Amino acid sequence: MAIKITDECINCGACEPECPNNAIYEGGVEWAIADGTSVKGAYTLMDGTVMDADQRNAPLSVDTYYIVPNKCTECQGFHEEPQCAAVCPVDCCVPDEMYQETVDELLGKKAKLHI
Ligand code: SF4
Ligand code: SF4
């Protein structure tokens, strides 16, 4: 499943550069599929919505760093463990129960993001 950042986040910024999918954004910053990925043109999200990879989308949080579930692969295909959770000083990067995904599904997402 995707990882999420709880409101315990102290906004230290340590996690953001560690994410291989550029799935982590500072609060208030708009996100896009194309950031840090090789996706160009139309991209189908997990819920079937199609958006342009360059489309900038509303922040999922304004007060703390946040993770875009459509870009988080739990670091599958890159690292042994979620890198954000590994570096977070307050352990606020935790599994997001809203997004139950198998390892194969996470690897499929990684393959879609990095063609
Ligand atoms: S688990 Fe990995 S892919 Fe997901 S947000 Fe954290 S660093 Fe990025
Ligand atoms: S490493 Fe943890 S505390 Fe620091 S910005 Fe990321 S989620 Fe927040």
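Remember, predicted model here, so these are calculated numbers, not experimental data. Just the heavy atoms: all of them, side chains too, but no hydrogens, waters or symmetry mates, feed the values below. For ligands, and for the atoms within them, numbers begin at 1 and follow the listed sequence.
- For ligand 2, the atoms lying closer than 4.0 Å to a non-hydrogen atom of C93 are 7 (S).
- The existence of a salt bridge linking D35 and R56 is confirmed by a sub-4.0 Å separation between a basic side-chain nitrogen and an acidic carboxylate oxygen.
- Of the protein's heavy atoms, C72 SG, 2.3 Å lies nearest to atom 4 (Fe) of ligand 1.
- Without hydrogens or angle criteria, Q76 side chain to T73 main chain gives no donor-acceptor distance under 3.5 Å.
- Against a heavy-atom cut-off of under 4.0 Å, N21 is close to the following atoms of ligand 1: 3 (S).
- In terms of modelled atom types and a separation under 3.5 Å, the side chain of K71 and the main chain of A34 share no donor-acceptor contact.
- Minimum heavy-atom separation, C19 to A23: SG-N, 3.2 Å.
- Between H114 and F78, the ring planes are perpendicular. Angles over 60° get that label, and only those under 30° would be called parallel.
- Close approach of ligand 2 to I5 (heavy-atom distance below 4.0 Å) involves ligand atoms 7 (S).
- Note on C84: counted as a metal contact of atom 6 (Fe) of ligand 1, an N/O/S atom lying under 2.8 Å.
- Looking only at protein N/O/S atoms, the ones less than 2.8 Å from atom 4 (Fe) of ligand 2 make 1 in total.
- Within the structure, side-chain hydrogen bond (donor to acceptor under 3.5 Å, both in side chains) pairs that include any residue of residues 1-15 do not occur (at least two apart or interchain).
- Nearest heavy-atom pair across C75 and P82 is SG-CA, 3.8 Å.
- Residue P82 approaches ligand 1 through these ligand atoms, each under 4.0 Å from one of its heavy atoms: 1 (S).
- For Y99, there are no ring pair (Phe, Tyr, Trp, His ring centres under 6.0 Å) partners at least two apart in sequence or on another chain.
- Under a 4.0 Å criterion applied to the non-hydrogen atoms of I3, ligand 1 contributes the atoms 1 (S).
- Around atom CD of E80, no more than 12 heavy atoms belonging to other residues, nucleotides or ligands sit under 6.0 Å away.
- Residues satisfying the side chain to side chain contact (heavy atoms under 4.5 Å, CB included) criterion with I10, sequence neighbours excluded, are C12, P89, V90.
- Taking every non-hydrogen atom of I67 and a distance limit under 4.0 Å, the qualifying atoms of ligand 1 come out as 5 (S).
- Every atom of ligand 1 with a heavy atom of C19 under 4.0 Å away is listed here by number and element: 3 (S), 5 (S), 7 (S), 8 (Fe).
- The distance from ligand 1 to the heavy atoms of C75 drops below 4.0 Å at these ligand atoms: 1 (S), 2 (Fe), 3 (S), 7 (S).
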Could you please spell out the steps behind the salt bridge (charged side-chain N to carboxylate O under 4.0 Å, His left out) verdict for K109 and D104?
CA-CA 9 Å; K109 194 194 297 184; D104 281 349; over 6 Å; no
